[in-house]
Protein chains: 2
Amino acid sequence: MSDRYQCLFGILDQSALHRADKAQLRDQNLALLLRKIWAGPETTRASLARDTGLSRSSVSSLVDELIDMSLVQERGEGISTGGRKPTLVQFNYQAKYILGLDIGASHIGVLLMDLNGQVIHWKQEDCPVRDQPAQALQKLKDLEQAIYEDSHIDQSQLLGVGVAVPSPISPQNPRYLSPTFMPAWQDIDLIKALDFPQNLTLVIDNDANLGALAEVWWGAGQGCHHLAFIKLGTGIGSGFIIDGKVFRGYGGSAGELGHMVIDPEGAKCVCGLQGCLATFVGSQPILDLAHSFGLNSSDLKELIATLKEGHPKAREVITKTAYKLGLAVASLMNMMNPERVILGGELALAADTLLHPLRECVQSRSLWSSVSNSSILTSTLGEQVIALGAATAVLQKALTQPKSIFMDR
Amino acid sequence: MSDRYQCLFGILDQSALHRADKAQLRDQNLALLLRKIWAGPETTRASLARDTGLSRSSVSSLVDELIDMSLVQERGEGISTGGRKPTLVQFNYQAKYILGLDIGASHIGVLLMDLNGQVIHWKQEDCPVRDQPAQALQKLKDLEQAIYEDSHIDQSQLLGVGVAVPSPISPQNPRYLSPTFMPAWQDIDLIKALDFPQNLTLVIDNDANLGALAEVWWGAGQGCHHLAFIKLGTGIGSGFIIDGKVFRGYGGSAGELGHMVIDPEGAKCVCGLQGCLATFVGSQPILDLAHSFGLNSSDLKELIATLKEGHPKAREVITKTAYKLGLAVASLMNMMNPERVILGGELALAADTLLHPLRECVQSRSLWSSVSNSSILTSTLGEQVIALGAATAVLQKALTQPKSIFMDR
DNA sequence: ACAACTTTGTTTATATAGTGAACAAAGAGA
DNA sequence: TCTCTTTGTTCACTATATAAACAAAGTTGT
């Protein structure tokens, strides 16, 4: 019987595991209003009361608190609908800013975002991140400083920092990268190395996971509960959103699509296995394939340019790649049954050519019930998607737990 | 900007989407205490107060309410630890009972469970369910009646009924089975056909999903947040538990491991695809394989008996099957990164032989980080597992939302 | 054996969050 | 101009949790 202490009861969040008190009640309603005001255009206290079911008196008191926190502002009077003119209230999207860091395998990017999801500034640079951690960290700081100067916004106006890394991250210990994929980073405590002030909210997660989050909030995944994002860049990674939340699995390595074995007799992969999807889909293997077809592109962009010129060999390279990718996506569909699959990363620029054979391959290998209501799309957020997702992770936390993020700082 | 209305904010449950009021506060604390009392051995009001963080006065008031609901009973006095003797309180596990129905492709089972998870009665029967819906429904009613008579418990003492079906179930519309897998059931409204009184809580879900739930609550999955259950029976299905909750995917067909394509050039499957795992792993294909090895077992049980006698050909059949299964499980591991994978169903009886080649195949095809902390085990719950899971789904609902299940009936 | 301390469970007073009714302000409509 | 609407605030009220006080019933130390 004592085993039962471990039972999870299907409880989703911590709140249900501890007592609920009145302060929590208020926090919940405060957060509810904050989200309504954030999401909507200008609104009024009366309208919020109708929408949420709270009484007008409660709404008044809560909105006053949000105004005191300077998260919400009054914006003059609205139009009467047959009675007294309402006072308009609006979210103060410039109350704070969020920094998103995209640490890739061979590039870095820094993005500054307001609370509206508007990108204020975005800078990126190529950098041998995988092998030169110190250099990468220094360059990140440089880009951050450059953005402060250009935007006239400084660190004191930050709410938090989101960090995307090209490695699985363990939910239990997000300080260290995977030694398999990033050996040079093995002994680096990321939180220490990034060296942000204690009062900033810091979120670290895998790049594909954060890309998925960005798509749900701002891109092709809006309104979607179950979504998979596949990042086709130097390597290949994927991230899942389940019920609006990033799904990480037990050890944080959920979504390692790139190391799904497609061909047991295939080439050796960095991960130690044979015939992983990553040995077929990724910038290097694709360029190798192109080379074997007599195309000598030096990078993926060049190959895609060749493709757009209508070169049939380039088309064949992409088609073959799409087919390999389809094998993995079909398994993903059958297993996870997502509502949408979104392709991002450099290769997504070849979407016109990629999507058709990919969809065909997936359809011939997935259950009709898994595929019929699902769609495969390309990202609409471009190269900022990962950094945007990183910043969004902080925003998500702020809008769901406003008290813990905005107060006591 | 209006798109943002759709945003999910990473919210998990409905509660955060609507206002929180005082009644909800009390319900939450009531449910918290109910779960503590359910999980533990005999306890006391003072001990509950310490455990939950609630004040002793609140606990007293809430426990009184639970006693009024006859879910909790006082059980005399406990031992003093240096002061006044405490009053022991204990969950009343016999306050209500739950029925679990296992509707398989070729069998039916009915299980009566108390709130402690104790199986009071269990009856099963072979039945051509897939092709003869009317007969199956009648036999279910017969078994139900027989159990009432044997146990001296009747429908008025039921809290609810859980129903497991051998088909994916759409979360949006759980009344109908999949026409692909259960064509004869196409026009049958399951809720209507089962014809239980309105006041009973009715839960319908896929059999493998419910098997997974049973393992987390009572079996090899206890204490596990992320788990996959694979049911190896007539066909093959799998179910996932994520954060203690069944994961269904967008259309309810998450976990269709059986129709993952293992061999694109393979045999045609009932689902319309080619080379699905189900064409290799499942009672019929295994018996066919055995036949090709010169073994003439009439069913899986006989084959397993032959295996246990030490027949090398039977061993080879199972090893080959394990290898095919391993291909799919490896993909599952890479994608979902579960903490445990649990094998159930008839074939799990051959676990001694099955597990070794399976683990080997999975290890050679999954990322070390996905596999190293995960384990593959066999079910400990036997043939009752599915029906037990069905009943457990009702129990889970009752312990998380007691007011909505136990009151107003 | 008796005083002093502990523990439990209830009672009572208090604080706080949300509600609904009343009210004042401001406008629409006839 | 008069009446009806709508908004936002104020105030009395209700429900819930808490802390402190209290009574009951034990243990421990001398």
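We use all heavy atoms of the structure for the numbers below, so side chains are in, but hydrogens, waters and symmetry mates are not. All chains are named by letter (A, B, ...) in the order of the sequence lines, taking the proteins before the strands, and each is independently numbered beginning at 1.
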Subject >> side chain to side chain donor-acceptor pair (under 3.5 Å) partners for B:R175, two or more places apart >> reply: B:D189
Original post:
Can you name the residues that form a side chain to side chain donor-acceptor pair (under 3.5 Å) with B:E339, not counting sequence neighbours?
Top reply: none
Original post:
Of all heavy-atom pairs between A:G221 and A:L227, which one has the smallest distance, and what is that distance?
Top reply: CA-CD1, 3.4 Å
Original post:
Is there a donor-acceptor pair closer than 3.5 Å between any side-chain N or O of A:N116 and the backbone N or O of A:Q118?
Top reply: no
Subject >> Set of residues satisfying side chain to side chain donor-acceptor pair (under 3.5 Å) with respect to B:S55, sequence neighbours excluded >> reply: B:S57, B:S58
Original post:
Quick one: is A:N29 getting a side-chain N or O under 4.0 Å of the C:dA17 phosphate, OP1 or OP2?
Top reply: no
**OP:** Tell me what B:S61 touches on the nucleic acid: a base, only sugar-phosphate, or nothing, going by heavy atoms under 4.0 Å.
**Re:** nothing
Original post:
Could you state the CG-P distance from B:D64 to C:dT10, rounded to the nearest angstrom?
Top reply: 6 Å
Original post:
Would you say B:K22 reaches C:dA17's phosphate, i.e. side-chain N/O to OP1/OP2 under 4.0 Å?
Top reply: no
**OP:** Can you run down the salt bridge (charged side-chain N to carboxylate O under 4.0 Å, His left out) pairs that involve residues 62-74 of chain A, sequence neighbours left out, and say none if there aren't any?
**Re:** A:R26-A:E65, A:R45-A:D64, A:R45-A:E74, A:E65-A:K403
Subject >> From CZ (A:F91) to CG (A:L66), nearest 0.5 Å >> reply: 8.5 Å
**OP:** Compare all side-chain heavy atoms of B:L399 with those of B:L34 and state whether any distance is below 4.5 angstrom.
**Re:** yes
**OP:** Heavy atoms of chain A, cut-off under 4.0 Å: which first and last nucleotide of DNA chain D, 5' to 3', fall inside that, if you could look?
**Re:** D:dT5 to D:dT18
Subject >> Atom-pair distance (CD on A:E65; C1' on C:dA17), nearest Å >> reply: 11 Å
Original post:
What's the CZ-P distance between A:R26 and C:dT19, to the nearest Å?
Top reply: 11 Å
Subject >> Strand-adjacent residues in residues 43-56 of chain B, judged by heavy atoms under 4.0 Å from DNA chain C >> reply: B:R45, B:A46, B:R50, B:R56
**OP:** Taking side chain to side chain donor-acceptor pair (under 3.5 Å) as the test, write out the residues that go with A:D21, two or more places apart.
**Re:** none
Original post:
How large an angle, rounded to 10°, do the end axes of the helix from C:dA1-D:dT30 to C:dA30-D:dT1 enclose when each is built from five base pairs?
Top reply: 0°
**OP:** Report the distance from atom CD1 of A:I204 to atom CG of A:L194, rounding to the nearest 0.5 Å.
**Re:** 6.0 Å
Original post:
Can you name the side-chain contact (heavy atoms from CB on, under 4.5 Å) partners of B:R50, sequence neighbours left out?
Top reply: B:A46, B:S47
Original post:
With a non-hydrogen cut-off below 4.0 angstrom, is A:S58 in contact with a base, only sugar-phosphate, or nothing?
Top reply: base
**OP:** With a 4.0 Å heavy-atom cut-off, tell me which residues in residues 67-76 of chain A come close to DNA chain D, sorted by residue number.
**Re:** none
In a table with atom names and distances, give each donor-acceptor pair under 3.5 Å that connects a side chain of residues 76-84 of chain B to protein atoms at least two apart or in another chain.
from  : atom 1 : to    : atom 2 : distance (Å)
B:E77 : OE1    : B:K85 : NZ     : 3.3
B:S80 : OG     : B:G82 : N      : 3.0
B:S80 : OG     : B:G83 : N      : 3.0
B:S80 : OG     : B:G83 : O      : 2.5

**OP:** Using only side-chain N and O atoms of B:T87, determine if any of them is under 4.0 Å from OP1 or OP2 of C:dG9.
**Re:** yes
Subject >> Contact nearer the 5' end of DNA chain D, comparing A:R84 with B:T81 >> reply: A:R84
Original post:
Which part of the nucleic acid does B:S80 contact within heavy-atom distance under 4.0 Å: base, sugar-phosphate only, or nothing?
Top reply: sugar-phosphate
**OP:** Could you say whether A:D21 or A:S57 is positioned toward the 5' end of DNA chain D, judged by the nucleotide with the nearest heavy atom to each?
**Re:** A:S57
Original post:
Can you name the residues that form a ring pair (Phe, Tyr, Trp, His ring centres under 6.0 Å) with A:F247, not counting sequence neighbours?
Top reply: B:H226
**OP:** Could you pull out the closest heavy-atom pair between A:D114 and A:Y93, with the gap in Å?
**Re:** CB-O, 3.4 Å
